[in-house]
Amino acid sequence: MVGKNIKKFRTAKQMTQDELAQQLNVTRQAVSNWENGKTQPDIETLHKIAEILDVTIEELIYGAKQTTTIVKNTTVQNATKGLSFGAALAMVISYVNWHSIGWAIFHGLLNWVYVIYFVLRYGWNG
C-alpha cells in the first residue's frame, strides 16, 4: 500500500523516480522497489518522502486524506436538532411530573446552561 501511495503522489507532482531518488539521496532502484512493494522505506525516509511530496506520513501509509467535513457537518446538524428536542423534552417531562410551568421552564433553561457549558469547554466542533 505504501509503495502504491508513493507512486501515486509522486506522479501527481509530475516527478520521476530519478528526481525523487536524488532528493532522498538513494538510488532510483530503491524508489522502484518501494513502489513495487519489494521493500519499504524506513520511518526517516518515509518522513522525507512526505515532505518532498507535500503529504503527511499518514497519507503515504493509508492513502488520500479522508474528508471529515461531512462527518462534522452531520454532527453539527444532529447536535442542533438534539439540543432543541432535549430542551423541549425536559420541559414536557417536568410539566408532566410536577404540573408546574415554572419547573418546566427551569429544567428547559438548565438544559441550555449545560449546552453553553459544553460549547465553551469543548468548542462547537467538539
Approximate separation, where rounding is to 0.5 Å, of [X] [atom1] and [Y] [atom2]:
X	Y	atom1	atom2	answer
I6	I61	CD1	CD1	9.5 Å
R28	E35	CZ	CD	9.5 Å
E19	Q22	CD	CD	7.5 Å
L110	I105	CG	CD1	12.5 Å
L24	Q17	CG	CD	11.5 Å
N5	I49	CG	CD1	11.0 Å

Please tell me whether [X] and [Y] are part of a single hydrophobic cluster in this structure, the criterion being side-chain heavy atoms less than 4.5 Å apart.
X	Y	result
I52	I43	yes
I57	L20	yes
L53	Y62	yes

>> Which heavy atom of T11 sits nearest to which heavy atom of K8, and what is that distance?
In response: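 Heavy-atom minimum between the residues: OG1-O, 3.0 Å.
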> Between the main-chain N or O of M15 and the side-chain N or O of R10, is there a donor-acceptor pair closer than 3.5 Å?
Replying inline: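 Yes; judged by distance alone, with no hydrogens or angles, the pair exists.
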> Got a sec, which residues hit side-chain contact (heavy atoms from CB on, under 4.5 Å) with D42, two or more places apart in sequence or on another chain?
Replying inline: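 D42 satisfies side-chain contact (heavy atoms from CB on, under 4.5 Å) with E44, T45 only.
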